[in-house]
Amino acid sequence: MQIGIVGLGRMGGNIAVRLTRFGHDVVVYDQDSAAVAKTVERAEAGRASGANSLADVVAQLHGPKKIVWSMLPAGEITEQTIMSLAGLMGRGDIVIDGGNTYYKDDIRRAGMLAEKGIDYLDIGTSGGVWGLERGYCMMYGGAKEAADHIDPILAALAPGMGDIPRTPGRDRDGLDPRAEQGYLYCGPAGSGHFVKMVHNGIEYGMMQAFAEGFDVMYRKDSPLLAEEERFSLNMADIAEVWRRGSVVSSWLLDLTAQALAKNGELASFSGEVSDSGEGRWTIEAAIEEAVPVPVMTAALFTRFRSRSDNTFAEKVLSAMRFGFGGHVENKG
């Protein structure tokens with residue numbers, strides 16, 4: 001299939017390149033012309049072409065359904081891009097937002113595009129800077145017919161089953177086999193980004209638990225403790241041993257172990273931890289539904305506090321964010 005990719009940052013460029021590896025053709029555009037040239041160079045020969053504007057992206061697309069995937073930060077830049085595409089594309093075409101957009105914005109945009117006969121899909125995309133090789137876990141919503149049409153693109157981007165054992169009972173009726181491949185149709189417009197939003201809220205809580213645990217161990221040799229109760233613990237070795245068969249083994253722990261192996265003090269990280277919006281939106285949704293989410297709320301508030309007063313725990317958070325997403329915190 002042929003698809004336009006708009007936004008060639010940490011994930012957009014890799015999405016474009018991965019698609020060409022699986023036999024798809026891409027038209028790529030970014031405000032940074034150097035990013036366009038680099039993506040075309042990295043792509044499989046002959047399968048990527050650069051564009052110099054959104055209009056040029058649409059003009060280079062062929063076939064009965066033109067497909068454009070926006071991979072830009074949530075907010076005004078995505079809003080402007082979607083609105084521009086709405087004026088450039090026609091009935092039967094498909095616009096995809098793969099960024100971390102607020103799901104209520106998806107619902108509004110889908111309604112607006114539907115009036116023009118354009119289908120809108122929201123795709124929550126997880127995989128960070130590792131997605132080029134590992135593939136991307138995707139949760140998506142929108143018109144079912146449009147979602148089915150782009151299934152070959154999603155299948156190419158998804159990680160597949162890999163070496164993860166099947167979950168017992170997955171062969172019963174009513175379960176979507178695509179979930180085992182790492183991508184899932186969640187329902188109407190907004191549902192994909194809603195599921196991804198909650199995913200990121202959970203991520204906040206998991207990261208905070210790791211960060212606090214390592215901080216407790218890091219400070220076990222504190223002079224506030226009786227001398228016989230002080231332990232000098234090696235954080236890198238603890239992270240590594242936990243990776244080997246413990247119940248808390250995970251990709252987040254893998255990333256923590258990698259950072260600690262390089263520097264046990266995490267000296268290159270400031271500990272000033274940003275939040276990208278999804279944690280806030282998850283808590284707002286919980287309030288609307290009257291669902292208690294104390295762990296995620298505390299994790300979000302800790303990120304706020306980290307920008308004025310941070311500890312080793314926040315450096316662990318920074319290390320994980322850099323590991324999975326290439327997020328660079330400001331170093332004081």
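Numbers here are sequence positions counted from 1.
- Two residues are said to be in side-chain contact when any heavy atoms from C-beta on lie closer than 4.5 Å; Thr101 and Thr78 meet this criterion.
- By the side-chain hydrogen bond (donor to acceptor under 3.5 Å, both in side chains) test, Gln80 pairs with Glu76, sequence neighbours left out.
- In this view, Tyr103 and Phe194 satisfy the ring-ring contact (aromatic ring centres under 6.0 Å, His included) rule, not counting sequence neighbours.
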*Worked verdict on Glu314 versus Arg305 for salt bridge (charged side-chain N to carboxylate O under 4.0 Å, His left out)*: CA-CA 10 Å; Glu314 276 75 56; Arg305 189 211 64 204; 2.8 Å; yes
*asked:* What verdict does the side-chain hydrogen bond (donor to acceptor under 3.5 Å, both in side chains) test give for Glu278 and Ser276, after you've listed the backbone C-alpha separation in whole Å, the side-chain angles of each residue and the deciding distance to 0.1 Å?
replied: CA-CA 6 Å; Glu278 300 90 339; Ser276 54; 2.4 Å; yes
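- Within the 3.5 Å criterion, the main-chain N or O of Asp176 finds a donor-acceptor partner in the side chain of Arg170.
- Looking only at distances, no side-chain donor or acceptor of Asp122 sits under 3.5 Å from a matching main-chain atom of Asp106.
- Proximity of a side-chain donor or acceptor of Thr282 to a complementary backbone N or O of Met197 within less than 3.5 Å is detected.
- Although no hydrogens or angles enter the test, the distance criterion places no donor-acceptor pair under 3.5 Å between the side chain of Thr297 and the main chain of Pro294.
- In terms of modelled atom types and a separation under 3.5 Å, the side chain of Thr125 and the main chain of Ile123 share a donor-acceptor contact.
- Cluster membership for Leu255 and Val241, using ILVMFWY side-chain heavy atoms within less than 4.5 angstrom, is shared.
- In this structure, the side chains of Ile3 and His24 stay at 4.5 Å or more apart for every pair of heavy atoms.
- Other residues, nucleotides and ligands contribute over 12 non-hydrogen atoms within 6.0 Å of the NZ atom of Lys65.
- You'll find the ring centres of Phe210 and Trp242 outside the 6.0 Å limit.
- No donor-acceptor pair under 3.5 Å is formed between the side chain of Ser246 and the backbone N or O of Arg243.
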*Do Arg47 and Asp25 pass the salt bridge (charged side-chain N to carboxylate O under 4.0 Å, His left out) test, and can you show the C-alpha distance, the side-chain angles, and the key distance before you say yes or no?*
CA-CA 5 Å; Arg47 292 208 170 273; Asp25 296 317; 2.8 Å; yes
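- Annotation: Glu288, atom CD; neighbour count of heavy atoms from other residues, nucleotides and ligands within 6.0 Å is above 12.
- Of the candidates Val273, Asp254, Thr256, Thr256 is the only one forming a side chain to side chain contact (heavy atoms under 4.5 Å, CB included) with Met320.
- Contact record, Gly141 with Ser191: CA-OG, 3.5 Å, taken as the closest heavy-atom pair.
- Going from atom CD of Glu240 over to atom CG of Leu253 covers 8.5 Å, rounded to the nearest 0.5 Å.
- Taking all atoms of both residues into account, the shortest heavy-atom contact from Asp119 to Ala143 is OD1-CB, 3.7 Å.
- Distance check, rounded to the nearest 0.5 Å: CZ of Arg18 to CZ of Arg42 gives 12.5 Å.
- Under the 4.5 Å side-chain contact rule for hydrophobic residues, Tyr102 and Ile77 do not share a cluster.
- With values rounded to the nearest 0.5 angstrom, Leu157 atom CG is found 5.0 Å from Met138 atom CE.
- For the atom pair Leu61 CG and Ile67 CD1, the distance stands at 8.5 Å (nearest 0.5 Å).
- Note that CE of Met217 is 10.5 Å distant from CG of Asn234, once rounded to the nearest 0.5 Å.
- Two residues are said to be in side-chain contact when any heavy atoms from C-beta on lie closer than 4.5 Å; Glu79 and Arg109 meet this criterion.
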*Pair His199-Ser126, side-chain contact (heavy atoms from CB on, under 4.5 Å): steps then yes or no*: CA-CA 9 Å; His199 162 283; Ser126 181; 3.5 Å; yes
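- The shortest distance between side-chain heavy atoms of Trp130 and Asn14 does not fall below 4.5 Å.
- Side-chain contact between Leu8 and Asp32 is absent, with no heavy atoms from C-beta onward closer than 4.5 Å.
- Here the side chains of Val58 and Lys66 are in contact, with some heavy-atom distance below 4.5 Å.
- Salt-bridge annotation for Glu133 and Arg21: present, with a side-chain N of the basic residue lying under 4.0 Å from a carboxylate O of the acidic one.
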*Please assess Glu145 against His149 for the test side-chain contact (heavy atoms from CB on, under 4.5 Å), listing each intermediate value before the final yes or no.*
CA-CA 6 Å; Glu145 182 179 350; His149 181 76; 5.9 Å; no
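- In this structure, Ala51 and Asp56 approach most closely via the heavy-atom pair CA-OD2, 3.2 Å.
- Both Val27 and Ile82 are members of a single hydrophobic cluster when ILVMFWY side chains are connected at heavy-atom separations under 4.5 Å.
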*Please assess Tyr29 against Ile5 for the test side-chain contact (heavy atoms from CB on, under 4.5 Å), listing each intermediate value before the final yes or no.*
CA-CA 6 Å; Tyr29 170 67; Ile5 306 291; over 6 Å; no
*Dump the intermediate steps for side-chain contact (heavy atoms from CB on, under 4.5 Å) on Arg230 and Leu224, then the final yes or no.*
CA-CA 9 Å; Arg230 300 176 197 170; Leu224 298 175; over 6 Å; no
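- Between Asp275 and Arg307, at least one side-chain nitrogen of the basic residue sits less than 4.0 Å from a carboxylate oxygen of the acidic one, meeting the salt-bridge criterion.
- Shortest non-hydrogen contact noted between Leu184 and Ala179 is CD1-CB, 4.3 Å.
- In Phe322, the CZ atom is not crowded: 12 or fewer heavy atoms of neighbouring residues, nucleotides or ligands sit closer than 6.0 Å.
- Ala189 and Ile107 make their closest contact through O-CG1, 3.4 Å (heavy atoms, listed as atom of the first residue, atom of the second, distance).
- Val57 places none of its side-chain heavy atoms less than 4.5 Å from the side chain of Ser53.
- Proximity of a side-chain donor or acceptor of Asn263 to a complementary backbone N or O of Leu266 within less than 3.5 Å is detected.
- The hydrophobic clustering, which links ILVMFWY residues whose side-chain heavy atoms are closer than 4.5 Å, places Val17 and Val68 apart.
- By the salt bridge (charged side-chain N to carboxylate O under 4.0 Å, His left out) test, Arg219 pairs with Asp215, sequence neighbours left out.
- Heavy-atom minimum distance, Val293 versus Ala286: CG2-CB, 3.6 Å.
- At a cut-off of 3.5 Å, with distance as the only test, a side-chain donor of Ser49 or Gln60 sits close to an acceptor on the other residue.
- In this structure, Val316 is not a member of the same hydrophobic cluster as Val216, with clusters built from ILVMFWY side-chain heavy atoms closer than 4.5 Å.
- Between Tyr185 and Tyr140, a ring centre-to-centre spacing shorter than 6.0 Å is recorded.
- Counting only heavy atoms from C-beta outward, the side chains of Ile164 and Glu180 never approach each other to under 4.5 Å.
- Between the side chain of Asp93 and the backbone N or O of Gly90, at least one donor-acceptor pair lies under 3.5 Å.
- Phe231 carries Lys220 over the face of its six-membered ring, with the cationic atom under 6.0 Å from the centre and within 45° of the normal.
- Rounding to the nearest 0.5 Å places CZ of Phe301 at 13.5 Å from OG of Ser306.
- Atom CD of Glu284 sits in a crowded spot, with more than 12 heavy atoms from other residues, nucleotides or ligands closer than 6.0 Å.
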